[in-house]
Student: 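If you scroll down you'll find the structure; I have some questions about it.
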Amino acid sequence: MATDKEVETVIVANYAEMETEGRPKGMKSRISNLFWHGGSVYDAWFSCASNQVAQVLLTLPYSFSQLGMLSGILFQLFYGLMGSWTAYLISILYVEYRTRKEREKVDFRNHVIQWFEVLDGLLGKHWRNVGLAFNCTFLLFGSVIQLIACASNIYYINDNLDKRTWTYIFGACCATTVFIPSFHNYRIWSFLGLVMTTYTAWYLTIASLLHGQVEGVRHSGPTKLVLYFTGATNILYTFGGHAVTVEIMHAMWKPQKFKAIYLIATLYVLTLTLPSAAAVYWAFGDMLLNHSNAFSLLPRTPFRDMAVILMLVHQFITFGFACTPLYFVWEKAIGMHKCKSLCKRAAARLPVVIPIWFLAIIFPFFGPINSTVGSLLVSFTVYIIPALAHIFTFRSATARENAVEQPPKYFGRWVGTYTINVFIVVWVLIVGFGFGGWASMTNFIHQVDTFGLFTKCYQCPPPALPTSPPYHGLNATAAAPLHHPFNHTRSP
């Protein structure tokens, strides 16, 4: 216990020094701290909750139509707990790494610790390389998904432009996240993001209940194994948003207090995802199998337009969450990470956005891409690798005895912790990566075959064909045909 207290003192003192050093005084400083400079437990909670549920809120009803109501609810609860456990493991490994480095008098001023560095410090370069590859690829496609979601959502307010054109526009907008220095500076954005998703979730719930069930509604899921495991991996993706856990912890003044934050955030997120997904699926049933975005089935009202706008802003925030760790990696690679000029760092970060923009245009498959990323990337990045890293870090009796954080008694200490870790590795490897990878790739290839790469307007309604008006004589005036620009599903 004395060692733990000593470690806490070292870390907190270091953070306190970092936070007070060079800080301006006066009213301007107070306003900046209120809106811009976060590092408290509450900031971390808002960041975790806001980042965890974004555009997946709109695809979970689609997953319910693939899984059925009961399986959809059970998988949310199961993967929510599993995700909270692996986030806890990541936090333990971060504190272990940070404490060892503090004892070696390593100074982390102007340096953001990242997950691959934790793996490097605890387990060596091979673990670092694997962790870096999976983490960067996941965050890359996580940013791609947010960009695709922006284009998909705005189309339900303004269909004068096709989804591909909206992707161009929002790619430019999201590129402005290069000016946000670190996770310290997401304080107001995290708070607003959670407010936005809360409104959207309860809008989906209430609007679906008021709409009632469509005529002849059917709830036939699950019908095919491919669809079943595709839906399951989308939920795996939903609760796998802790690829940025280390960066969020590093932004905290007392990172050792993070342990239970992700679990509490997950419990709140479940109050949003369960009612909304269940209500939309109850109202529309199997229609959701061909409508991966829940907005597409609800009638247009001012409340729906407000939900769309709020989700657009939130997706901009989540894009920043996913992309900021990539910015850090790129800065370190080119030697710009410790540069104090915000403008120079922003300019250096811009090349990171270009491949994201390009991939969002190639694969605009809103919904199916979530499951593919979940099975192939999330399964390793935030489930298998953290569990294995914890096992191998504390495999020796000496490492377990000297661990900064001992496993809680109610989890069975080290034996219980190892048992849970092995279960997660086996389950995710077989069900998430194995069956989930097969199902999601099958579905993804089907989308490519159906719509093609670079499709101009994915899942847009087809254009209304003009009909010949009845003949009323020479002096009659023909009615103008209906015109829905760009509402086609394939590019010409």
Student: For the residue pair Trp85 and Phe411, is the inter-centroid distance of their aromatic rings smaller than 6.0 Å?
Tutor: yes

Student: Using 30° and 60° as the class limits, which term best fits the ring planes of Tyr79 and Phe75: parallel, tilted or perpendicular?
Tutor: parallel

Student: Any donor-acceptor pair under 3.5 Å linking the side-chain atoms of Tyr281 with those of Ser63?
Tutor: no

Student: Going by side-chain contact (heavy atoms from CB on, under 4.5 Å), name the residues that satisfy it together with Leu274, two or more places apart in sequence or in a different chain.
Tutor: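 Expected list: Ile73, Gln76, Leu77, Leu270.
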
Student: Is there a side-chain contact (heavy atoms from CB on, under 4.5 Å) between Ser208 and Leu298 once you walk through the steps?
Tutor: CA-CA 7 Å; Ser208 298; Leu298 289 165; 4.0 Å; yes

Student: Got a list of side-chain donor-acceptor pairs under 3.5 Å for residues 130-151, not counting sequence neighbours?
Tutor:
residue	atom	partner	partner atom	Å
Thr137	OG1	Ala133	O	2.6
Ser143	OG	Leu139	O	2.9

Student: Can you give me every donor-acceptor pair (side chain of residues 351-364, partner residue at least two apart or in another chain, under 3.5 Å) with its distance?
Tutor:
residue	atom	partner	partner atom	Å
Trp357	NE1	Thr167	O	3.3
Trp357	NE1	Tyr168	O	3.4

Student: Run the side-chain donor-acceptor check on residues 112-124: report pairs under 3.5 Å with partners two or more places apart or on a different chain.
Tutor:
residue	atom	partner	partner atom	Å
Gln114	OE1	Lys332	NZ	3.0
Gln114	NE2	Glu247	OE2	3.0
Gln114	NE2	Pro325	O	3.0
Glu117	OE1	His111	NE2	3.4
Glu117	OE1	Gln114	N	2.8
Glu117	OE1	Lys332	NZ	3.0
Glu117	OE2	His111	NE2	3.0
Glu117	OE2	Lys332	NZ	3.2

Student: Taking salt bridge (charged side-chain N to carboxylate O under 4.0 Å, His left out) as the definition, give me every residue that meets it alongside Arg400, ordered by chain and number, with sequence neighbours left out.
Tutor: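 In terms of salt bridge (charged side-chain N to carboxylate O under 4.0 Å, His left out), with neighbours along the sequence ignored, Arg400 is linked to no residue.
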
Student: With the side chain counted from C-beta on, respond yes when Thr301 and Arg304 share a heavy-atom pair under 4.5 Å apart, and no when they do not.
Tutor: yes

Student: For atom CZ of Phe78, is the number of surrounding heavy atoms from other residues, nucleotides or ligands below 6.0 Å larger than 12?
Tutor: yes

Student: With sequence neighbours excluded, tell me which residues meet salt bridge (charged side-chain N to carboxylate O under 4.0 Å, His left out) with Lys344.
Tutor: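 Salt bridge (charged side-chain N to carboxylate O under 4.0 Å, His left out) check on Lys344 returns nothing, list empty.
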
Student: Can a donor-acceptor pair be found between the side chains of Tyr262 and Ser91 at a distance below 3.5 Å?
Tutor: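 No, Ser91 and Tyr262 have no side-chain donor paired with an acceptor closer than 3.5 Å.
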
Student: Got a salt bridge between Glu331 and Lys338, using NZ or NE/NH1/NH2 to carboxylate O under 4.0 Å?
Tutor: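 Answer for the salt bridge query: no.
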
Student: Compare all side-chain heavy atoms of Thr198 with those of Tyr268 and state whether any distance is below 4.5 angstrom.
Tutor: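 They are in side-chain contact.
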
Student: Less than 4.5 Å apart, side chain to side chain, heavy atoms only: is that true for Lys259 and Val95?
Tutor: no

Student: Just by distance, no angles: are the side chains of Ser84 and Thr266 close enough, under 3.5 Å, to form a donor-acceptor pair?
Tutor: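 Side chains of Ser84 and Thr266: pair found under 3.5 Å.
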
Student: Given 3.5 Å as the limit, does a donor-acceptor pair link the side chain of Arg395 with the main chain of Phe392, or not?
Tutor: yes

Student: Say whether Ser50 and Ser190, considering side chains only, have a donor N or O and an acceptor N or O under 3.5 Å apart.
Tutor: no

Student: Angle class for the Tyr203/Tyr199 ring planes (parallel below 30°, perpendicular above 60°, tilted otherwise)?
Tutor: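 Rings of Tyr203 and Tyr199: parallel, under 30°.
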
Student: Below 4.5 Å, heavy atoms only, C-beta onward: do Met306 and Thr200 meet side chain to side chain?
Tutor: no

Student: Given Leu204 and Leu58, is the side-chain contact (heavy atoms from CB on, under 4.5 Å) satisfied, shown in steps?
Tutor: CA-CA 9 Å; Leu204 292 174; Leu58 306 176; 4.1 Å; yes

Student: Would you call Glu104-Arg100 a salt bridge at under 4.0 Å N-O?
Tutor: no

Student: When you look at Met249 and Gln256, which way does the side-chain contact (heavy atoms from CB on, under 4.5 Å) test go after all the steps?
Tutor: CA-CA 8 Å; Met249 285 187 69; Gln256 71 279 0; over 6 Å; no

Student: Under 3.5 Å, is there a donor-acceptor pair between the Thr59 and Asn234 side chains?
Tutor: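 Distance-only check passes for Thr59 and Asn234.
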
Student: Does a donor on one side chain and an acceptor on the other come within less than 3.5 Å for Asp43 and Ser40?
Tutor: yes

Student: Are the side chain of Ser276 and the backbone N or O of Leu272 linked by a donor-acceptor pair below 3.5 Å?
Tutor: yes

Student: Verify the distance criterion only: is there a donor paired with an acceptor across the side chains of Tyr186 and Thr324 at less than 3.5 Å?
Tutor: yes

Student: Do the ring planes of Trp189 and Phe316 sit parallel (below 30°), tilted (30 to 60°) or perpendicular (above 60°)?
Tutor: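 Correct class here is perpendicular.
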
Student: Will you find, in the side chains of Asn293 and Ser152, an N or O donor that is under 3.5 Å from an N or O acceptor?
Tutor: yes

Student: For the ring pair Phe380 and Phe433, is the centre-to-centre distance below 6.0 Å?
Tutor: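 Centroid distance Phe380-Phe433: below 6.0 Å, so yes.
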
